[in-house]
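Some notes on the structure that comes next.
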Amino acid sequence: MANVAVIGAQWGDEGKGKVVDWLASRADIVVRFQGGHNAGHTLVVNGETYKLSLLPSGLARGKLGVIGNGVVIDPEALLAEIGRVRGQGLTVTPETLRIAENAALILPLHGALDRARESARGARKIGTTGRGIGPAYEDKVARRAIRVCDLAEPDTLSAKLDELLLHHNTLLAGLGAETFTKEALLARLLELAPQILPFAEPVWERLNEARQAGRRILFEGAQAVMLDNDHGTYPFVTSSNTVSATAASGTGLGPQAVGFVLGIAKAYCTRVGSGPFPTELTDDTGTLLGDRGHEFGTVTGRRRRCGWFDATLVRQAVKVGGVQGLALTKLDVLDGLPEIKVGVGYRIGGELFRRLPAAPGAQAAAEPVYETLEGWAESTRGARSWADLPAAAVKYVRRIEELVEAPVTLLSTSPERDDTIMVRDPFAD
Ligand code: GDP
Ligand code: IMO
Ligand code: MG
């Protein structure tokens, strides 16, 4: 039975939440495999808006949600989010949500270090969400992370906190930030333990069994390929791998289980935070896209930078992310533009490139080469079939397919769940 992995193909906020929610009706289990509460996934169901950061978007469909080992979990943020969505009528219990016992935790000292380092960077700041994501992944790789399973062993917790604090308090003090005491952290973790542990289990076992039983698994990526720690615009990236291969390592399934890889891309481009953005528009058209697309960070509230669709970057994301089909979202935001540009390459120091080089200097110097396409006057908002789309919009989609070397398998035309055109069922074998 086919599974599907959804990943972002630009710099995040492409509409992964909407697409995952829509696809979840065809799935049995929805699994997060990387990132943390830096993600902000928005679902609009019959006018009600849900903003999810850590919880898998399948919960809005009543599907089993799983948080895999590749996710970094802030227990305070998790419990707050569970409380929030319960208030909106969603059911979140240990029957509907399972959490990997071997996932690493985000503690308050991670957020403090994240923020202290960002302010020390000054103008060179990355523009992180300040939620401790980077420091938590650093601790995981450095083998000093506290994991979900440690909450069941007070002695382990106590010993690990000694090691963590030795490291973090030294850094925090050096940065002039407030330090932490072991007693307070330990007491709080022991208080949180009985609230978190009922959700914890070896999720790899459940997922492998589900796969064997022919259940359909939908993997929900966070962030996007251009924020991938290896393949993105480093150092202006997040601290996890966001490509589809992580769906396997971040859950405890083999790579064969990942299934069809669906890349999500906006019909234009946005970015939160700092870093190169060759097709960025700082003129009125950029403002128009931002206003019409409501481009404000779900997590940060910051205005997103906007620009033209960069086919060079999405093509690169298709290759390194293993994308087999594209879900193109927010086509409606382009309605009424007389002409639309698409980035098809870069000029860097007089040379033409069909990829973004890795070196920061070259990335900053990349001047986009554009192709200009005809716009359309008609509204595409809410369109639910190809027949509802103006000819110029269809032409735009077809040209994107050619340039990025991947077929468009889904089209989204509004924030609402059902305003979606399916070209090919990603779950079809
Ligand atoms: P994610 O992080 O990839 O899940 O994306 P976000 O939820 O952070 O941001 C996408 C925003 O676009 C959300 O506000 C969605 O409700 C909205 N959205 C998704 N698809 C469409 C679409 O096709 N048209 C419009 N106008 N808005 C959309
Ligand atoms: P979703 O899943 C957009 C960006 C931050 C910053 C960089 C590193 O909603 O698409 P971090 O806090 O992860 O260390 O910040 O990555 N970033 C996102 N941008 N959407 C996201 O998630 C993001 N998660 C992180 O703005 O530039
Ligand atoms: Mg988002």
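Only this structure's heavy atoms are used, side chains among them; waters, hydrogens and symmetry mates stay out. Quick note: residue numbers are just sequence positions, from 1. For ligands, and for the atoms within them, numbers begin at 1 and follow the listed sequence.
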Please work out whether any backbone atom (N, CA, C, O) or any side-chain heavy atom from C-beta onward of Asp332 is under 4.0 Å from ligand 1, and answer side chain, backbone, both or neither.
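The answer is the side chain of Asp332.
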Any idea which atoms of ligand 1 are less than 4.0 Å away from a heavy-atom of [X]?
X: Ser412; answer: 20 (N), 21 (C), 22 (C), 23 (O)
X: Thr413; answer: 23 (O), 24 (N)
X: Arg304; answer: 8 (O), 9 (O)
X: Arg381; answer: 26 (N)

Ligand 1 and Leu331, any nitrogen or oxygen pair closer than 3.5 angstrom?
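No, Leu331 has no N/O under 3.5 Å of an N/O on ligand 1.
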Heteroatom proximity flag, Val333 to ligand 1, N/O under 3.5 Å:
no
Look at ligand 1 and say whether Gly40 reaches it with a heavy atom at a distance under 4.0 Å.
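Per 4.0 Å heavy-atom rule, Gly40 contacts ligand 1.
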Measure the distances from the heavy atoms of Ser414 to every atom of ligand 1 and state whether one is below 4.0 angstrom.
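It does; at least one heavy atom falls under 4.0 Å.
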Option nearest atom 17 (C) of ligand 1 (shortest heavy-atom distance, choices Lys330, Lys18, Arg417, His294)
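The nearest heavy atom belongs to Lys330.
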State, to 0.1 Å, how close Arg381 and Asp332 come at their nearest heavy-atom pair, and which atoms those are.
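So the minimum-distance heavy-atom pair works out to NH1-OD2, 3.1 Å.
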Can a salt bridge be assigned to the pair Glu402 and Arg399 using a cut-off of 4.0 Å between side-chain N and carboxylate O?
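Yes, charged N to carboxylate O under 4.0 Å.
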Looking at Asp283, I'd like to know if its CG atom is crowded, meaning that more than 12 non-hydrogen atoms belonging to other residues, nucleotides or ligands lie closer than 6.0 Å.
yes
Might you list the protein residues in contact with ligand 2, defined as having a heavy atom under 4.0 Å from one of its atoms, sorted by chain and number?
Trp11, Gly12, Asp13, Lys16, Asn38, Ala39, Gly40, His41, Ile126, Gly127, Thr128, Thr129, Ala222, Gln223, Leu227, Val237, Thr238, Val272, Gly273
Taking the Mg ion (ligand 3) as the reference point, name the nearest N/O/S atom of Asp13.
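Atom name of the closest N, O or S in Asp13: OD1.
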Tell me, please, which residues at least two apart from Glu378 pass salt bridge (charged side-chain N to carboxylate O under 4.0 Å, His left out).
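Listed in chain order: nothing, the list is empty.
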